[in-house]
Amino acid sequence: MAGENMIAQVSDPTLHGVAEKVQQGQRLSADDGLSLYATTDLLGLGRLADMANQRRNGTRVFFSANQHINPTNVCILRNTCTFCSFARMPKEEGAYTQSLDEVFAEAEQARDMPTREFHIVGGLHPKLHLSYYTEMIRGLRERHPGVHIKALTAVEIAHLARIEHSSTIDILLALQEAGLTSLPGGGAEVFSSGVRATIAQRKLTGEEWLRVHREAHQLQIPTNCTMLYGHVETPEDRVDHLLMLRSLQDETGGFLTYIPLAYHPDHNELGEELERVGSATTGFEDLKNIAIGRLLLDNIPHIKTHWPMVTPFLSQLALAFGCDDVEGTVVFERIYHDAGAQTSMQLHYGELLDLIRGAGRDPVERDSLYQPVRSTFDDLPATWMAPSAQTTSDPVSVV
Ligand code: V47
């Protein structure tokens, strides 16, 4: 593909300049980003992004055997993050907070699975202190020494700093000491202050989110980054957001993967306001956001598709649109399912292999740091390869 004339690959003439730059490996500008968002030449856009991806990653597609854990849905931002369906007030119906023993019991599922990563995010609980999280991380490390821990978004780190009267850097240091491997990319939403005033009024600002990630990178804690798209943001807001991520990456090199997060409008105030309940983003938008992420974020090594949000079906298509990283086995998660995602709770290891191979790509199981764990898959236990008859049950008893 590298030798191909990329201009011939796009049918929209407004993309010729971008195609030329992509062919020559040149950085795209904010205006280029806007042209990409404006185009309806999805296939042309996809070819450009596929070229940029294959140049970096060849035909390899990464996935992880991971388990999501959401220890609490109690969140002090319950009434101001209008896009969120997960958060509850402490005494509200459906509120839950797991004890450490309950978290450890949930994590026991990892014993019979090839799990390499616990992905831990939750609400901003007013009373759960730093020690709850450091003990959780230490306890998980002791019980599952081979499993990396990707935990706590920048928003949760800033919240802990506030309730501990400490700095975010000291919180990061304490978590790192306890055994934290990396930070997930949530909480970024869209950095524009106008958008934040509408959808996430009291959440930390874009600058603060970037500062926490900068600090993590300085401590050698790699992190992920995200953008929540498909609500009130404009193409300009999206491009600005992506370029802010790119410029932090120029500075630190600490981002591992970028994940565009598709807004789900069910059971939240924003969805009702926008009269969007029951209608999540379109496949066209989802593929566009993957491809544009790959093209604008020329310094972030991986682009991840989050199948629980966009479906495994669309995640497979994303592999031809610039994506080289597929969300893992997951096991059980609430944030998107509470917001109306209709996908299953988990994909089996063998199902992920089939998804990637079905797109003509070569699966590579990775750990949290993108070190390859396995790229040949003969002689794996039969229980990993086929979906079990059991459905995933809710690990939390909600009061
Ligand atoms: O910040 C909340 C999003 C994020 C909704 O790093 C919603 O690998 C859609 O951190 N519709 C938290 N999205 C999740 C998170 C994450 C997710 C996937 C991968 C990684 C990673 C991290 O979930 C929040 C917010 O952007 N979210 N509500 C909703 N209604």
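Every number for a ligand or one of its atoms is a count from 1 in the order of the listing.
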Ligand 1: which protein N/O atoms lie under 3.5 Å from its N/O atoms?
from: ligand 1; atom 1: 1 (O); to: G187; atom 2: N; distance (Å): 2.6
from: ligand 1; atom 1: 1 (O); to: E189; atom 2: OE2; distance (Å): 3.0
from: ligand 1; atom 1: 6 (O); to: G185; atom 2: N; distance (Å): 2.8
from: ligand 1; atom 1: 6 (O); to: N224; atom 2: ND2; distance (Å): 3.0
from: ligand 1; atom 1: 8 (O); to: K150; atom 2: NZ; distance (Å): 2.9
from: ligand 1; atom 1: 8 (O); to: N224; atom 2: ND2; distance (Å): 3.2
from: ligand 1; atom 1: 8 (O); to: K304; atom 2: NZ; distance (Å): 2.9
from: ligand 1; atom 1: 10 (O); to: G186; atom 2: N; distance (Å): 3.2
from: ligand 1; atom 1: 11 (N); to: H264; atom 2: N; distance (Å): 2.8
from: ligand 1; atom 1: 26 (O); to: E189; atom 2: OE1; distance (Å): 2.5
from: ligand 1; atom 1: 30 (N); to: F83; atom 2: O; distance (Å): 2.8
from: ligand 1; atom 1: 30 (N); to: H264; atom 2: O; distance (Å): 2.9

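Q346 contributes no side-chain N or O that, together with a main-chain N or O of V330, makes up a donor-acceptor pair within less than 3.5 Å.
No cation-pi contact links R196 to F191, judged by a cut-off of 6.0 Å to the six-membered ring centre and 45° from its axis.
The aromatic ring centres of H68 and F118 sit 6.0 Å or more apart. Y258 has its ring centre no less than 6.0 Å from the ring centre of H302. A distance of 6.0 Å or more separates the ring centres of F83 and H264.
Every side chain to side chain donor-acceptor pair (under 3.5 Å) that T14 has, sequence neighbours left out, goes to D12.
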